[in-house]
2 protein chains.
Amino acid sequence: MTESLGLTHARWKVIGAIALSNNGLTVPGIARVLGQSRQAVQRITDVMMEDGLLEYHKNLKHKRSVLVMLSQRGKEVYNTLRELQDPWAIDATEDIPVEELEAALRLVRRLIKKFN
Amino acid sequence: MTESLGLTHARWKVIGAIALSNNGLTVPGIARVLGQSRQAVQRITDVMMEDGLLEYHKNLKHKRSVLVMLSQRGKEVYNTLRELQDPWAIDATEDIPVEELEAALRLVRRLIKKFN
DNA sequence: GACCATATGTCAGCATGTTGTCATTGTCCT
DNA sequence: AGGACAATGACAACATGCTGACATATGGTC
């Protein structure tokens, strides 16, 4: 699904995390949202910035830690992929009772919480 | 959990797949069980063989494709890790109704099947 | 204001996984 | 038997992820 847009799943995760934030996120902030190491995120955001998907903005709160935001093209990619993903997700689950899906989600969250 | 035995999660997956087979598996066979590429499995089994966890046995059905089996030490590691993992799994789920766990498992399998 | 613990940027080494390619081996159909 | 197609081994390029280490920045405490 990401391939048709020249993305990979890792880059899609990053775009998604930033899109859900309002004023941009720092690299370690993205890492915390995604639950992975800041180093892994840093490497990906650097490449995505060069590719024109992200923009680094001055962070008033920190001298070196920039705020990562979606560029115009990043926003377009986000919207385009959402238009592919949403129908896919609906198609995948429309014949499953909502209560079943929610119960499974509650269970997964419960286990995640237990392991934190 | 795997670290205390000098393993990694990837090697543990391979050991588990072989342990559940009766007469050994070929490398592509392990890959099919795990649902991943044979190349990735090949690389790992080669190292595990050098480390003495696995043994390659002549395969009567194929001139070059060997049968991978657990060495004595591989079996010991398997049993030791099971003794760590089983109590962990029980502890993680003992306060959750069995029906909830089974329902979530059915849902996951249903989705996997849908995407095949 | 000095000091210490924490957060961040950066670089490196390693473990896994994927895909692609090519030669060799197996299978099956005619 | 012969030939086409699939399976396997081997090698390579690439994308991710983790941890460790070291220098710099922040923030809270005395």
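Residue numbering restarts at 1 for every chain, and letters A, B, ... go by the order of the sequence lines.
- The interatomic distance linking A/I30 (CD1) with C/dT8 (C1') rounds to 13 Å, in whole Å.
- Regarding A/W12, its CH2 atom lies at a distance of 19 Å from the C1' atom of D/dA15, rounded to whole Å.
- Within the nucleic acid shown, B/Q42 comes within 4.0 Å of sugar-phosphate atoms alone, with no base atom in reach, counting heavy atoms only.
- Closest to the side chain of B/Q36, from the set C/dT18, D/dG9, D/dG17, is C/dT18.
- Atom CZ in A/R43 sits roughly 11 Å away from atom C1' in D/dC14 (whole-Å rounding).
- Inter-residue side-chain proximity for A/M49 and A/E55 is flagged as unmet; no heavy-atom pair is nearer than 4.5 Å.
- Closest to the side chain of A/I44, out of C/dT25, D/dT19, D/dG17, is D/dG17.
- For B/R32, a side-chain nitrogen or oxygen approaches OP1 or OP2 of D/dT8 to under 4.0 Å.
- Between the side chains of A/Q42 and A/D46, at least one donor N or O lies within less than 3.5 Å of an accepting N or O.
- Around the CD atom of A/E3, the shell of radius 6.0 Å holds no more than 12 heavy atoms that belong to other residues, nucleotides or ligands.
- Between A/D46 atom CG and C/dC11 atom P there is a gap of 9 Å when expressed in whole angstrom units.
- In terms of phosphate contacts, B/K13 brings no side-chain nitrogen or oxygen within less than 4.0 Å of OP1 or OP2 of C/dA15.
- In terms of position along DNA chain D, the nucleotide closest to A/H9 lies nearer the 5' end than the nucleotide closest to the other residue of the pair A/H9 and A/K61.
- Taking atom CZ of B/R11 as the reference point, atom C1' of C/dC14 lies 10 Å away to the nearest angstrom.
- For the pair A/N59 CG and D/dT26 C1', the computed distance is 12 Å after rounding to whole Å.
- Judged by closest nucleotide on DNA chain C, A/H62 is the one of A/E3 and A/H62 placed further toward the 5' end.
- In this structure, the CG atom of B/L34 is 15 Å from the C1' atom of C/dT18, given to the nearest Å.
- Atom CZ in B/R64 sits roughly 11 Å away from atom P in D/dT8 (whole-Å rounding).
- For the pair A/R109 and A/E102, the salt-bridge criterion is not met [side-chain N within less than 4.0 Å of a carboxylate O].
- If you check D/dT8, D/dA15, D/dA10 against the side chain of B/Q39, the one that comes closest is D/dA10.
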Could you list the donor-acceptor pairs under 3.5 angstrom formed between side-chain atoms of residues 62-71 of chain B and any protein atom two or more places apart in sequence or on another chain?
from	atom 1	to	atom 2	distance (Å)
B/H62	ND1	B/R64	N	3.0
B/H62	ND1	B/S65	N	3.0
B/S71	OG	B/G52	O	2.6
B/S71	OG	B/L53	O	3.0
B/S71	OG	B/R73	N	3.4
B/S71	OG	B/G74	N	3.0

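- Counting non-hydrogen atoms under 4.0 angstrom, A/S37 reaches a base of the nucleic acid.
- In this structure, A/A10 reaches the sugar-phosphate backbone alone: every heavy-atom distance under 4.0 Å involves primed, P, OP1 or OP2 atoms, never a base.
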